[in-house]
Protein chains: 2
Amino acid sequence: MNGATTSVELRAHNRVRLLRAVHDCGATRTRSQLTRDLHLARGTASVLVAGLAEDGLLHEEPAPGAARGRPTHVPGPHPRGPLALAVDVREDAWELAACELGGRVTVLDVRPHDGTPEGALGPLGEAVRAHQARLGPRAVGVGVALPGPVRHGGLVDIPHLGWRSVDVPALLAPDRGGAGAPVPGGPLVGNDTALAALAEARRGRLRGVRVGLHLHVDFDLGGVLVVDGRPLDGAGGSGAEFGHMPLTGGDRPCPCGATGCWSMDVGANALLRRVGLAYGGGRGREQAEHVLATSEEAVAANATALGRGIAALVNALDPEVVTLSGHGVELYERASGQLLAACEPGLMAIRRDRPPRIAGSALGWRGSLLGAMESVFDEFLTPEGLDRWRESHPDQAPDTPEPQNVTHSTLKGRNPI
Amino acid sequence: MNGATTSVELRAHNRVRLLRAVHDCGATRTRSQLTRDLHLARGTASVLVAGLAEDGLLHEEPAPGAARGRPTHVPGPHPRGPLALAVDVREDAWELAACELGGRVTVLDVRPHDGTPEGALGPLGEAVRAHQARLGPRAVGVGVALPGPVRHGGLVDIPHLGWRSVDVPALLAPDRGGAGAPVPGGPLVGNDTALAALAEARRGRLRGVRVGLHLHVDFDLGGVLVVDGRPLDGAGGSGAEFGHMPLTGGDRPCPCGATGCWSMDVGANALLRRVGLAYGGGRGREQAEHVLATSEEAVAANATALGRGIAALVNALDPEVVTLSGHGVELYERASGQLLAACEPGLMAIRRDRPPRIAGSALGWRGSLLGAMESVFDEFLTPEGLDRWRESHPDQAPDTPEPQNVTHSTLKGRNPI
DNA sequence: GGCTTTTGTTCACGGTCAGAGCATAAACTG
DNA sequence: CAGTTTATGCTCTGACCGTGAACAAAAGCC
């Protein structure tokens, strides 16, 4: 992102570039490929890799495929290297995972909860602290995805669960008592839509896309613009709320406090309402999935509302691609016709010539969790982050036991990964 | 923006940083202040300034105020330094100016036109070419602001003037015959709203603001998000069209091809329609100004629609500041009460706690022209741009006569600068 | 007029990367 | 199976850059 000014910053900058390249490609590229991609001299790459390996950040393995010349190696995560703890908190359950550099995910824990701030975040905090203690300095950060707007580094509102300015960092670590202020080393709290978009930008269908629009459909609808691989999260961190614009002409009051929000017409709650079932409070995920699978009419209504809103956003923002995650994937698969039919008349004439691609996410329901991981590594893969690592690893990293590879059942929804 | 990788890139990067700092502060800071601001050693700054002065890019003048120690100097534009040609094309007239590094503007020409592509751009192209010939290599680029969406580097649509995919670069320079492709050295065509937002970000009320929303009101309404000093112009360059979302619940067909656009309810055309006068086709600027000054009712209707749309966008994007330019300044001065009253009920509850500031532009009607200038310097103030300059100035720049300092009357509207 | 303060200039020094030359390790060739 | 080809890793030299200290310069202050 930013530029180096002095020679020593230059070295730090190149260390970060190399490490990020390894992470972004999922530890698949060989050293010689990386050398070319980053326009480095072979000697420079040699020094950089050696340094990162010595710091316990990288570990080279022989490259699998046999090629013509001298065999090269694939730099990947160090066996005692940094781990990001990532959490996806939904309205009815949470999932905790440890993630290596490169993006390999090991699910550590999955638990349902009662929808209250204490009921959800208390046990989660305990689990996080236990794993942090077990992993020691290998745990370089905690990223948490939450299904509501996040303000000023941790205050979360989820109107339909009755969460009002819930201080998530404080509830996760009661002793540290941070009043909304982002404690150094505290959890990185983010909106699930914004984090799903981040994952999509790094490892999904928005990879390499300069301007993309990501929409995340769960109980309600979130949306955010992704520019140059970064979701635009607003001034206070809560800028992924495209669902709270009155794009579909409704006049129903929204729990958010406004009226006629697009979000009222798309998502699990809208599906349930459409068929006359009870909705709200984070309940009814299974019924909603049943409706999605069986009620042609409710699906069509959802898809129509989705399409109309997409048209408005495409007019305004001119994205190259529109991606859908959560229920959006199935909604698009089952009713792309209605969606596109509702979208087209809402487009400006000049947009109809070259409409953006619309695509389901490649990450399924894993987006928010992966985005939480990326948010941790985004902070770690900086000169400052690597300096901290170096300080916490005086010479040789102590032998930490591998994280238990028990993979619990993951949160509901398909998991293509 | 991006970072240097090698030592020599580092030098180029620091040259750019210094030059940009001079430009951004309007050539007001002293060399010692710049040295501190950029965290440079005095020796480095010395070498950099000397190099830039020798290249004909900077020229140091003694600092005006007398301080305690050894007197310092103020680096400013070189008398034979680079000039950006900037053009603001409106529906009924255009204005051409030459701009020095640092932002000093000299208006070169102002002319009304008939609203046709040829009528507007033919004479403009002649004027531009004449000045380019006069200035030689000092003219480092041409930036053009146009009141409609700009696609793929130059194709412009202005529905209410009947412009459909007008190839602006080709019409400005018929001999070069670029078919929409951005010719190297060709004009940088941009949307007036996006460029007004750019100017606001660099020299107006969005300076230093991480996330801001800028709305430009002329005959109709344009809007764009500004992040880190950069307006988000979409995948094809036409992402400043917040006016073409159905935010106010109308159902009137819009010339753009969609229905119920916000833009139908705000701007000169909306004012004229409200009082029953003829509108469209870029005519009626003076009548609209009269309506704005006299009709309480039409102004209130405009302000209400503006406020309602702002609420939706604030919900979605969480900007820190909302700025208004063009007629928006007067609209806000005359009816901020109605605007805010319409905005508030549309906000999410969490936004009502900390609503963004709303402010009239500090640049009045000059924004688009200044933004056109900034777009030229944004391309010039890069390692590549400075290399081109060095190549076109083999050793010592030839003596070019100063641009005539005749300042024509500027385009209609107040000009605080 | 001498002292203090601030800034510009010069230069030795350490750090960084590019590039060339050489070593290495595989596949290919006959 | 031995020589050739090819691609890569390693090492060293050279050029470049910014830092920081020492010195010079130019003003205000006492």
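In what follows, every heavy atom counts, from backbone to side chain, and hydrogens, waters and symmetry copies are set aside. Chain letters run A, B, ... following the sequence lines, proteins first and then strands; every chain starts at 1.
Inter-residue side-chain proximity for H39(A) and T5(B) is flagged as unmet; no heavy-atom pair is nearer than 4.5 Å. L48(B) is not listed as a side-chain neighbour of R17(B), based on a closest heavy-atom distance of 4.5 Å or more.
Between R29(A) atom CZ and dT8(D) atom P the separation is 14 Å, expressed in whole Å. Look at CG on L18(A): it is 11 Å from P on dC17(C), rounded to the nearest Å. Computed from coordinates, the R70(A) CZ to dT8(D) P distance equals 11 Å when rounded to whole Å. Put simply, CZ on R31(A) is 14 Å from C1' on dA25(C), counting in whole angstrom units. Atoms CZ (R15(A)) and P (dG15(C)) sit 15 Å apart, rounded to a whole Å.
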Task: Trace of the salt bridge (charged side-chain N to carboxylate O under 4.0 Å, His left out) decision for R29(B) with D24(B) - done: CA-CA 10 Å; R29(B) 285 239 233 315; D24(B) 284 346; over 6 Å; no
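Contact annotation: R36(B) reaches the phosphate of dT7(C) (side-chain N/O to OP1 or OP2, under 4.0 Å). OP1 or OP2 of dT8(D) has not a single side-chain nitrogen or oxygen of T72(A) nearer than 4.0 Å.
No engagement by A45(A) is indicated, since no non-hydrogen atom pair under 4.0 Å with the nucleic acid exists.
Residues G69(A) and E60(A) both approach DNA chain D. Their nearest nucleotides, taken by heavy-atom distance, put G69(A) toward the 5′ side.
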Side-chain atoms of residues 56-64 of chain B: list all donor-acceptor pairs with protein atoms under 3.5 Å, sequence neighbours left out, distances to 0.1 Å.
residue, atom, partner, partner atom, Å
E60(B), OE1, R31(B), NH1, 3.1
E60(B), OE2, R31(B), NH1, 3.1

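Salt-bridge formation is detected for the pair D55(A)/R15(A): a Lys NZ or Arg NE/NH1/NH2 atom is positioned less than 4.0 Å from an Asp or Glu carboxylate oxygen.
The R68(A) side chain lies nearest to dC28(C) when the options are dC28(C), dT8(D), dA26(D).
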Open item on the list: Base contacts versus sugar-phosphate-only contacts with protein, heavy atoms under 4.0 Å: please encode nucleotides 11-20 of chain D as B, S and - from 5' to 3'.
Closed with: B-----BSB-
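Ring geometry for W389(A) against F380(A) counts as perpendicular: the plane angle is over 60°, on a 0 to 90° scale with 30° as the lower cut.
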